[in-house]
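Taking it in order: structure first as structure tokens, then the write-up.
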Amino acid sequence: MKKYLNQKDLPSLNNGKKTAEKADKPASFFLTVYKIARQVPRGRVTSYGAIAEASGLKITGRMVGWAMAAAGGAKPAVPAHRVVNSKGELSGAAHFATPTLMQELLEQEGIEVKNNKIINFQSVFWNPATPGPKKRVTKQ
DNA sequence: TTGTTGACCGAGT
DNA sequence: AACTCGGCCAACA
């Protein structure tokens with residue numbers, strides 16, 4: 001599998017001018033996804049779908065996962081280990097340097113992982129769409 | 001160029 | 001409870 005070492009190597013970015021016909025839209029959702037992922041605080045996690053939703057772009061969790069797969073060498077680093085699926089499972093663990101690395105990183109941040117799944121997922125979940133106080137539910 | 005495949009997700013069978 | 005399916009975008013074969 002091909003790996004991207006840094007942003008310059010990413011496909012379809014601004015310099016690629018392929019998808020950048022309009023200026024009011026990002027040329028690629030990669031950067032948007034990375035930006036959101038980097039806001040996840042230490043000791044908290046979010047989900048692929050939540051990032052997709054918060055991006056405001058028409059992308060789905062699948063695309064976020066794909067972006068994460070390419071995030072390996074991105075600078076600044078993307079805390080991809082803090083992104084799990086909607087059930088709190090470490091579905092991306094296999095993509096790390098070692099199959100156990102993702103879990104180890106999470107445990108270092110005080111997150112309990114058992115059976116490839118986060119314990120107390122609900123309480124450590126961090127929603128990028130509502131990062132602040134959890135009042136105000138502007139959902140339509 | 002067309003078709004298949006994802007670190008997904010929720011709704012429908 | 002297990003399974004399929006549509007939606008999304010880009011990369012491969």
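Within every chain, numbering begins at 1; the chains are lettered A, B, ... in the order of the sequence lines, protein sequences first and strands thereafter.
Nucleic acid contact class of Ala52(A) (heavy atoms, under 4.0 Å, all strands): none.
Residues Val78(A) and Arg38(A) meet the side-chain proximity criterion, which asks for heavy atoms closer than 4.5 Å. By the 4.5 Å heavy-atom criterion applied to side chains, Leu106(A) and Leu90(A) are counted as neighbours. Side-chain contact between Gln108(A) and Leu105(A) is present, with at least one heavy-atom pair separated by less than 4.5 Å. Looking only at side-chain heavy atoms (C-beta outward), Thr46(A) and Ile36(A) stay at 4.5 Å or farther from each other.
Near DNA chain B, meaning a heavy atom under 4.0 Å away, the residues from residues 40-48 of chain A are Ser47(A), Tyr48(A).
When the P atom of dG6(B) is taken as reference, atom CZ of Phe29(A) falls 16 Å away, rounded to whole Å. Glu89(A) places its CD atom 9 Å from the P atom of dC9(B), with the value rounded to the nearest Å. One can place CD1 of Ile51(A) at 10 Å from P of dC9(B), the figure rounded to the nearest angstrom. For Trp66(A) and dC9(B), the CH2 to C1' distance is 19 Å, given to the nearest whole Å. Put simply, CG on Leu101(A) is 17 Å from P on dA7(B), counting in whole angstrom units. Between Lys87(A) atom NZ and dC9(B) atom P there is a gap of 8 Å when expressed in whole angstrom units.
Looking at residues two or more places apart in sequence or on another chain, you find a side-chain contact (heavy atoms from CB on, under 4.5 Å) between Ala129(A) and Ala54(A), Asn127(A). The side-chain contact (heavy atoms from CB on, under 4.5 Å) test applied to Pro41(A) returns Arg44(A), Trp126(A), not counting sequence neighbours. Considering only residues two or more places apart in sequence or on other chains, Ile119(A) meets the side-chain contact (heavy atoms from CB on, under 4.5 Å) condition with Glu112(A), Lys114(A). Applying the side-chain hydrogen bond (donor to acceptor under 3.5 Å, both in side chains) criterion to Gln39(A), with sequence neighbours excluded, gives no partner residue. Under the ring-ring contact (aromatic ring centres under 6.0 Å, His included) criterion, Phe125(A) pairs with Phe121(A), sequence neighbours left out. Applying the salt bridge (Lys or Arg N to Asp or Glu O under 4.0 Å) rule to Glu109(A) yields the partners Arg82(A); only residues at least two apart in sequence or on another chain are considered. A search for side-chain contact (heavy atoms from CB on, under 4.5 Å) contacts involving Ser123(A) returns Asn120(A), not counting sequence neighbours.
Rounding to the nearest 0.5 Å gives a distance of 9.5 Å between CD of Gln103(A) and CD1 of Ile118(A). Of the inter-residue distances, the one linking Ile59(A) atom CD1 with Phe30(A) atom CZ reads 9.5 Å to the nearest 0.5 angstrom.
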Could you list all N or O pairs between the protein and nucleotides 6-8 of chain C that sit under 3.5 Å apart?
from	atom 1	to	atom 2	distance (Å)
dG7(C)	O6	Arg62(A)	NH2	3.3
dC8(C)	O3'	Lys58(A)	O	2.3
dC8(C)	O2	Thr60(A)	OG1	2.2

Please enumerate all protein N or O atoms sitting under 3.5 Å from an N or O of nucleotides 11-13 of chain B, with distances to 0.1 Å.
none

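Using cut-offs of 30° and 60° on the angle between ring planes, the pair Phe29(A) and Trp66(A) is tilted.
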(request) With pairs defined as Watson-Crick or G-U wobble and both distances under 3.5 angstrom, please note down DNA chain C as a dot-bracket string, | for pairing with another strand. (result) .||||||.|||||
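Comparing dG10(B), dA7(B), dC9(C) by their nearest atom to the side chain of Ser86(A) picks out dG10(B).
Taking atom P on both dA2(C) and dA7(B), the two are 22 Å apart, rounded to the nearest angstrom.
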